Amino acid sequence: MTVTRFPTCTHDSPFHTTLRDKPKTTYKTNPTSTSVNLPLCTIRALVSTASKSDVSDSEDDVPLASKIRSKETIADDSGDDDTPLMSRMPAPAAKKEGKYTANGSSSTAAITNGTNGNADKRKKEVKEESDEDSDVPLAKKIKKVGTMKGKSIKVEKDETKAKKLSSIAKGSKADTVAKRGRKKTDEVDEKDEPKKRRKAKTEDSDSEEQPKRSTSAAAKGKRVAIKTEDGAGDAKRSRKKKDDTGDEEDDTFKWWEEQNLANDGTEKWKTLEHAGVMFPPPYIPHGVRMKYNDQEVELAPEAEEVASFFAALLGSDHAKNPTFQKNFFKDWQEIMKKSKSSVPIQDFNKCDFTPIFEYFEAEKEKKKSMTRQEKQAQKEEKTALEEKYMYAIVDGRKEKVGNFRIEPPGLFRGRGEHPKTGSLKKRVLPEQVTINIGESAKAPEPPAGHKWAKVINDHTATWLATWKENVNGSTKYVFLGATSAWKGQSDMQKFEKAKELKKHVDRIRRDYTTELKDKMTATRQRATAMYLIDRFALRAGNEKGDDEADTVGCCSLRFEHVTLEPPNIVIFDFLGKDSIRYYNQVEVDSQVFKNLKIFKKAPKGPGDMLFDRLNTSMLNKHLSSYMKGLTAKVFRTYNASHVFQEELRKIDPNDSVADKLLGYNRANRQVAVLCNHQRSVSKGHGQQMARMQDKIRALKYDRMKIRQSIMTLEPKQKKRQPELTEMESDLDEDWIVEYEKQLMEKEREKVRQKFEKDNEKLVEEGQKPLSEKELKSRLQEVDQKERELEQERKTGKVESKKGSTLERLEALLEKKTEKIKATKVQALDKEEGKETALSTSKINYIDPRISAAWCHKFDIPLEKVFNRSLREKFQWAMTIDEDWRWMASSLDLSANQLVRLAGFDSSTNQ
DNA sequence: GAGTCAACTTAGAAGACGCTTC
DNA sequence: GAAGCGTCTTCTAAGTTGACTC
């Protein structure tokens with residue numbers, strides 16, 4: 001039995017094999033297999049681990065996974081102090097002794113807390129420097145701060161380089177100065193903190209707001225200090241400078257520079273203006289007749305509209321889904337009852353929607369063939385109609401609205417086995433829509449002849465409009481866009497909360513480990529669930545209704561979702577959010593294994609809840625006793641960001657930018673795998689992979705020929721370099737014969753083309769074209785080459801070109817080997833990435849400040865890791881705190897220290 | 001404490017867009 | 001300039017969480 005784990009992880013990481021809903025047998029494959037058609041788990045493991053050197057060619061025939069494993073073992077044994085959090089989860093004995101404190105954390109703690117050997121000296125230095133700094137005239141300080149603020153990381157590149165050079169020359173003086181500044185602001189922050197608490201208490205008697213205050217204290221404290229110095233607190237709206245990334249100039253409210261952000265969780269705005277929502281255009285009948293029982297049918301416009309919803313999906317998985325078909329047909333018939341069709345439609349199987357489908361296809365083609373100008377005109381027309389809805393004015397600031405369009409009618413595309421998939425989503429009328437707007441603002445006009453359900457002025461809500469959809473009765477909202485202050489603040493608070501968890505996580509782990517053995521079943525269940533959420537990034541798992549898809553999370557796991565294989569292997573196999581399959585085969589703590597065995601014990605059977613004495617609210621209530629606002633969800637954010645930074649630490653600082661980026665993407669991928677973020681495989685993926693595989697084989701063939709040339713030229717090399725005699729993997733006699741045949745065919749084609757081209761040229765120049773005899777002679781040369789190849793195959797001897805030397809051939813061999821490695825990595829990367837979606841983790845789970853700091857540290861242009869949308873969404877992370885960037889540029893901080901300072905390292909746990 | 005609901009975040013699919021290659 | 005492909009954007013489904021009610 002092979003435990004499927006990520007060989008990359010030097011710890012008992014929560015990485016797992018993640019698979020779509022496919023037959024189980026497909027995945028229970030030996031991960032050490034070398035077959036080209038590697039099982040996904042293996043490929044993932046290979047890619048995530050394979051670095052340039054990992055895809056070592058000299059070990060070509062050794063299973064890659066095995067190679068990686070052995071490497072991993074070495075890494076494991078190295079006693080690396082920087083072992084990530086999860087590996088420091090102690091073995092049971094250590095747990096008993098309460099050895100949860102991270103080993104090797106002293107240096108880290110020292111960096112953060114200033115408690116290492118030189119700490120006192122440093123403290124003194126810092127204090128002196130800090131005092132010194134306090135004498136700097138205010139105007140100068142403002143200037144100093146000002147030059148750092150508001151610039152993109154890339155803009156600062158040269159400045160950073162200069163700083164680095166300067167600090168090398170002056171023994172990191174720049175660094176010391178920067179630290180001095182940080183220390184000073186920290187001190188200010190500390191002094192201010194009790195005041196802030198008092199103020200907060202006065203403002204809000206509800207002490208539950210504490211975490212929000214700590215959030216602002218952590219992140220805004222320094223900002224507050226800076227603000228106090230530069231007196232720019234009233235800069236409600238600052239103009240973003242156009243950076244060299246080509247981004248447009250725009251108005252951005254830099255809320256992260258504000259001192260007094262509305263943070264009490266009640267009032268979100270004082271004034272709010274917007275233009276309401278945009279309704280989809282009314283249906284215009286196309287008049288194309290579908291067929292019923294081979295007969296053309298004339299439908300009333302309402303019925304035609306619904307039929308068209310289905311027709312547009314012909315060929316898709318939805319249209320093939322029997323539940324989808326059934327629900328659509330039922331709702332369509334209801335619509336048809338209201339109007340008359342020329343032929344009564346009773347049986348779905350007799351319906352032929354192809355004519356409508358073809359009509360849509362033709363329309364698509366028409367659109368495609370429009371000229372550039374026509375397309376542009378259409379786009380401008382659309383923008384003109386939408387413009388007024390695109391922005392809202394919140395407290396006098398212009399903010400982008402996210403989804404101002406009312407969802408158009410259509411067929412509900414429920415995922416997985418949603419019982420209501422295919423049901424008709426009816427057209428939303430203004431009478432169903434509630435508008436939320438400021439009292440002083442003019443309420444938007446509803447479409448002519450209509451009125452709004454309600455117009456309200458709820459200052460505690462961040463939605464601009466809401467309505468209820470008819471299929472599931474769920475509430476839909478119009479919110480501001482991701483770049484808005486509301487969303488940004490909420491995002492930042494989320495990451496601050498995750499950072500805060502690091503202060504508590506050791507205690508939480510210690511406690512749940514103890515509670516795994518508790519007498520009370522409910523407590524043991526809770527502890528076991530916490531273990532699973534923490535270790536495998538499972539979602540909380542609310543219970544679901546019968547009218548929803550049967551998906552589960554941790555608390556809602558059932559008997560059949562967990563298989564136990566002694567001594568301590570657990571196989572999870574269930575459908576999670578969006579009906580994405582979660583399959584993971586893991587080793588667990590022996591007590592967890594025992595508990596799961598008990599929770600599955602008879603009379604429980606399929607259909608029974610594993611944690612029958614636990615639910616998400618009980619779990620979250622318990623978690624919040626450790627830290628205000630701590631819920632199951634926070635563990636996902638915490639572990640994702642933590643894993644990400646740990647993976648970044650593995651990147652060699654001396655690597656090229658391209659290699660660093662490869663490392664960055666791999667780190668991102670690890671997080672995506674951890675969180676089970678999947679995507680569907682693109683249509684052409686198989687073909688693309690086959691092409692890449694062909695390319696690798698062709699390169700190996702070339703290398704084989706070079707090796708043979710070396711041995712022919714210098715037979716003694718066989719003894720000196722026995723690997724020269726090794727057969728290339730993936731190449732066999734049959735393949736070589738076929739390949740050479742193809743090669744010669746291509747060669748002949750080239751000769752013919754060249755011959756024709758030569759003749760054309762000659763004719764152009766008024767000369768006599770070459771004779772057919774010449775062509776024949778040239779082709780005979782290819783025939784000769786083919787015979788030589790055959791001979792080489794038989795003898796294994798390859799005559800090298802004139803002037804070839806051993807050195808040259810060896811250089812050529814090395815080059816070819818490098819090329820093979822690079823192509824293999826590329827192929828593995830592609831294969832691994834085929835069903836892993838990186839964007840979800842980047843958008844939602846990884847603290848953008850880690851990326852920003854990393855880019856800054858290694859001079860990587862930010863746009864290489866964040867596209868324009870992300871740069872806008874995460875603006876707060878780029879400019880919020882000088883220290884993040886400053887830390888990144890200081891030379892005496894290692895990459896490891898850097899990421900620790902980014903705040904996601906468990907080794908700083910208290 | 002179970003049930004319900006509002007309000008928000010997280011998620012993958014699909015469509016749009018733009019770059020590269022032939 | 002058409003095709004192929006990857007990336008970005010939009011859309012909306014599907015989660016989580018906390019408040020409220022009984």
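If you're wondering where the values come from, they're calculated on a predicted model, not measured in any experiment.
Considering only the side chain of His677(A), dG12(B) comes nearest among dG12(B), dA14(B), dT9(B). Comparing atom distances between the Lys494(A) side chain and each of dT10(B), dA13(C), dC8(B) picks out dT10(B) as nearest. With distances taken from any side-chain atom of Asn542(A) to the nucleotides dT12(C), dT16(C), dG15(C), the minimum falls on dT16(C). The side chain of Asp578(A) sits closest to dA14(C) out of dC11(C), dA14(C), dT10(B). Nearest nucleotide to the side chain of Thr475(A), out of dA16(B), dA6(B), dA14(C): dA6(B). Nearest nucleotide to the Lys425(A) side chain, out of dT17(C), dA13(C), dA14(C): dA13(C). Between dC8(B), dA14(C), dA13(B), one nucleotide has an atom nearer to the side chain of Ser680(A) than all others, and that is dA13(B). Counting only heavy atoms from C-beta on, Lys468(A) has its side chain closest to dA6(B) among dT9(C), dA6(B), dT9(B). Across dC8(B), dA13(C), dC8(C), the shortest atom-to-atom separation from the side chain of Glu407(A) is found for dA13(C). In this structure, of dT9(C), dT17(C), dT10(B), it is dT9(C) that holds the atom nearest to the side chain of Ser869(A).
Between Thr551(A) and the phosphate of dG15(C), there is a side-chain N or O to OP1/OP2 separation shorter than 4.0 Å. The phosphate of dA7(B) has neither OP1 nor OP2 within less than 4.0 Å of any side-chain N or O from Lys476(A). At dA7(B), none of the side-chain N or O atoms of Thr462(A) fall inside 4.0 Å of OP1 or OP2 (strictly under the cut-off). When the side-chain nitrogen and oxygen atoms of Tyr845(A) are compared with OP1 and OP2 of dT9(B), none of them lie within a distance under 4.0 Å. Listed pair Arg415(A) / dA11(B) fails the phosphate criterion, with no side-chain N or O lying under 4.0 Å from OP1 or OP2. For Asn615(A) and dA2(B), the shortest distance from a side-chain N or O to OP1 or OP2 is below 4.0 Å. Within the 4.0 Å cut-off from OP1 or OP2 of dA13(C), not a single side-chain nitrogen or oxygen of His418(A) is found. The phosphate of dT9(B) (OP1 or OP2) has a side-chain N or O of Lys487(A) nearer than 4.0 angstrom.
For the residue pair Asp847(A) / Ser641(A), no side-chain donor-acceptor distance below 3.5 Å is found, with atom types taken as modelled. No hydrogens or angles considered: nothing links the side chains of Glu374(A) and Gln378(A) as a donor-acceptor pair under 3.5 Å. Using modelled atom types, one finds no donor on one side chain facing an acceptor on the other under 3.5 Å when comparing Thr421(A) with Asn327(A).
Each of Lys379(A) and Trp463(A) lies near DNA chain B, and the nucleotide nearest Trp463(A) is the one positioned closer to the 5' end. Between Leu870(A) and Arg539(A), the residue anchored closer to the 5' end of DNA chain C is Leu870(A), taking for each the nucleotide with the nearest heavy atom. Both Phe866(A) and Asn620(A) lie close to DNA chain C; mapped to their nearest nucleotides by heavy-atom distance, the more 5′-ward contact belongs to Phe866(A). In this structure, Lys367(A) and Ser490(A) both approach DNA chain B, and ranking their closest nucleotides by distance from the 5' end singles out Ser490(A).
The residue Asn472(A) sits apart from the nucleic acid: no heavy atom pair falls under 4.0 Å. The residue Ala549(A) sits apart from the nucleic acid: no heavy atom pair falls under 4.0 Å. Within the nucleic acid shown, Gly402(A) has no heavy atom closer than 4.0 Å to any nucleic acid atom. At the heavy-atom level, Ser617(A) lies nowhere under 4.0 Å from the strands shown. The residue Thr616(A) sits apart from the nucleic acid: no heavy atom pair falls under 4.0 Å. Using a 4.0 Å heavy-atom criterion, one finds that Phe479(A) contacts the bases of the nucleic acid, with or without backbone contacts as well. Nucleic acid contact for Lys364(A): none, since no nucleic acid atom lies under 4.0 Å from a heavy atom of the residue. Heavy atoms of Gly541(A) sit under 4.0 angstrom from primed sugar atoms or phosphate atoms, though from no base atom. Gly414(A) comes within 4.0 angstrom of sugar-phosphate atoms only, judged by non-hydrogen atoms across all strands, and of no base.
Using cut-offs of 30° and 60° for the angle between ring planes, the Tyr638(A) and His642(A) rings count as parallel. The aromatic rings of Phe495(A) and Phe874(A) sit perpendicular, their planes meeting at an angle over 60°, well past the 30° parallel limit.
Atom-to-atom, CG of Asn327(A) to P of dA13(C) comes out at 14 Å; the value is rounded to the nearest Å. Here dG6(C) presents its P atom at 18 Å from NZ of Lys864(A), a figure rounded to the nearest Å. In this structure, the NZ atom of Lys368(A) is 10 Å from the P atom of dA2(C), given to the nearest Å. Atom CZ in Arg413(A) sits about 16 Å away from atom C1' in dA11(B), given to the nearest Å. One atom, CE of Met618(A), and another, C1' of dT17(C), lie 16 Å apart when rounded to the nearest Å. The separation between Asn867(A) atom CG and dC19(B) atom P is 14 Å, rounded to whole Å. Distance CZ (Arg679(A)) to C1' (dA14(B)): 14 Å, rounded to an integer number of Å. What separates CH2 of Trp467(A) from C1' of dA7(B) is a distance of 14 Å, to the nearest Å.
Here the shortest heavy-atom pairing between Ala453(A) and Thr434(A) reads CB-OG1, 3.9 Å.
Aromatic pair His677(A)/Tyr845(A): centroids less than 6.0 angstrom apart.
With hydrogens and angles left out, the side chain of Lys633(A) and the base of dT9(B) share no donor-acceptor pair within 3.5 Å.
Residues meeting the side-chain contact (heavy atoms from CB on, under 4.5 Å) test with Thr475(A), sequence neighbours left out: Thr466(A), Lys468(A), Tyr477(A).
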